[in-house]
Amino acid sequence: MDRYRAWMAEALDLARAAADDEDVPVGAVVVGADGTVIGRGRNAREADHDPTAHAEVVAIRQAAAALRTWRLDGCTLVVTLEPCVMCAGAVLQSRLQRLVFGAWDEKAGAAGGRLDVIREAGLPHAVEVVAGIEADAARALLQAFFSDRR
């Protein structure tokens, strides 16, 4: 669990950077099989004018480019917020071994919070899910961001 916390600390830093750019504070890192970070992402929908620029997708794209393959076998995605349906699909399509996330998303989460796309029975690829790592810190970032806008 300590290694997950260290990687989550980096994802939280990325989430803070997203908030500084007026985007929802979500950050993500992809960790290679050897334990090194090979992809980093933060929400960039506002900055990039791109509805698919979620932290997870950005980090997965960077990791795939670093490995020069779309198959991220043996890799772990660490993200501050439970992935949405689009990002859960990207997790499955990229063949990630593990998903680690902080806060649950009861409104749009697709790893057990609202739906469970990640663990849908019959899928050809299984992803280990570890939830709740630094959840309080991730939730606090999101709450502060949205309370400032209300």
Side-chain angles (χ1 to χ4, degrees), residues 1-19 21 23-45 47-48 50-143 145:
M1 291 298 180
D2 286 340
R3 65 183 174 168
Y4 297 154
R5 283 181 175 69
W7 295 328
M8 186 62 76
E10 185 167 351
L12 286 164
D13 287 342
L14 290 162
R16 288 182 195 96
D21 285 342
D23 219 318
V24 177
V26 178
V29 296
V30 175
V31 181
D34 65 354
T36 61
V37 174
I38 58 172
R40 291 172 177 81
R42 59 188 174 117
N43 273 3
R45 293 181 308 168
D48 294 352
D50 179 357
T52 69
H54 288 207
E56 300 94 311
V57 172
V58 173
I60 288 169
R61 286 177 179 159
Q62 193 176 94
L67 294 179
R68 300 180 52 85
T69 180
W70 62 270
R71 291 181 178 271
L72 301 181
D73 300 313
C75 296
T76 299
L77 173 67
V78 180
V79 60
T80 58
L81 180 65
E82 177 186 3
C84 69
V85 172
M86 176 183 71
C87 294
V91 167
L92 292 167
Q93 291 299 316
S94 61
R95 307 298 195 266
L96 284 157
Q97 177 181 342
R98 183 179 304 106
L99 165 65
V100 176
F101 67 88
W104 290 95
D105 185 351
E106 289 83 16
K107 291 181 182 177
R114 174 92 170 112
L115 304 168
D116 201 348
V117 172
I118 296 288
R119 293 176 283 209
E120 179 67 28
L123 291 175
H125 177 70
V127 177
E128 176 188 353
V129 177
V130 179
I133 303 298
E134 301 297 336
D136 292 340
R139 189 177 313 103
L141 276 175
L142 289 160
Q143 288 171 339
F145 178 82

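- In this structure, Glu10 and Val37 approach most closely via the heavy-atom pair OE1-CG2, 3.7 Å.
- Thr52 places a side-chain heavy atom less than 4.5 Å from the side chain of Met86.
- With rounding to the nearest 0.5 angstrom, the NE2 atom of His125 is 7.0 Å from the CG atom of Asp73.
- Distance CG/Leu77 to OG/Ser94: 7.5 Å, rounded to 0.5 Å.
- What you find for Gly32 and Cys75 is that their closest heavy atoms are CA-SG, 3.9 Å.
- Within the 4.5 Å cutoff, the side chain of Asp23 has heavy atoms near those of the Arg45 side chain.
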Taking it one step at a time, do Leu96 and Ile60 satisfy side-chain contact (heavy atoms from CB on, under 4.5 Å)? CA-CA 9 Å; Leu96 284 157; Ile60 288 169; 4.0 Å; yes
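- The two residues Leu99 and Val127 make their nearest non-hydrogen contact at N-CG1, 3.8 Å.
- The salt bridge (charged side-chain N to carboxylate O under 4.0 Å, His left out) pairs that include a residue from residues 117-132 are Arg98-Glu128, Asp116-Arg119, where partners are two or more places apart or lie in different chains.
- The CD atom of Glu56 sits 14.5 Å away from the CZ atom of Arg42 when rounded to the nearest 0.5 Å.
- At a threshold of 4.5 Å between non-hydrogen side-chain atoms, the residues Gln62 and Ile38 do not count as touching.
- Closest non-hydrogen pair, Arg139 versus Ala103, comes out as N-CB, 4.1 Å.
- Contacts classified as ring-ring contact (aromatic ring centres under 6.0 Å, His included) and involving residues 60-103 (residues at least two apart or in different chains) are given here: Phe101-Trp104.
- To the nearest 0.5 Å, atoms CG (Leu14) and OG1 (Thr80) are separated by 9.0 Å.
- Taking both residues in full, the closest heavy atoms of Pro25 and Leu141 are given as CG-O, 3.7 Å, listed atom of the first, atom of the second, then distance.
- Of all non-hydrogen atoms in Gly102 and Ala135, the two that sit nearest each other are O-CB, 3.5 Å.
- Distance CH2/Trp7 to CD1/Ile133: 11.0 Å, rounded to 0.5 Å.
- Legend: salt bridge (charged side-chain N to carboxylate O under 4.0 Å, His left out) pairs involving residues 75-97, not counting sequence neighbours: none detected.
- The backbone N or O of Thr36 sits less than 3.5 Å from a side-chain atom of Asp34, completing a donor-acceptor pair.
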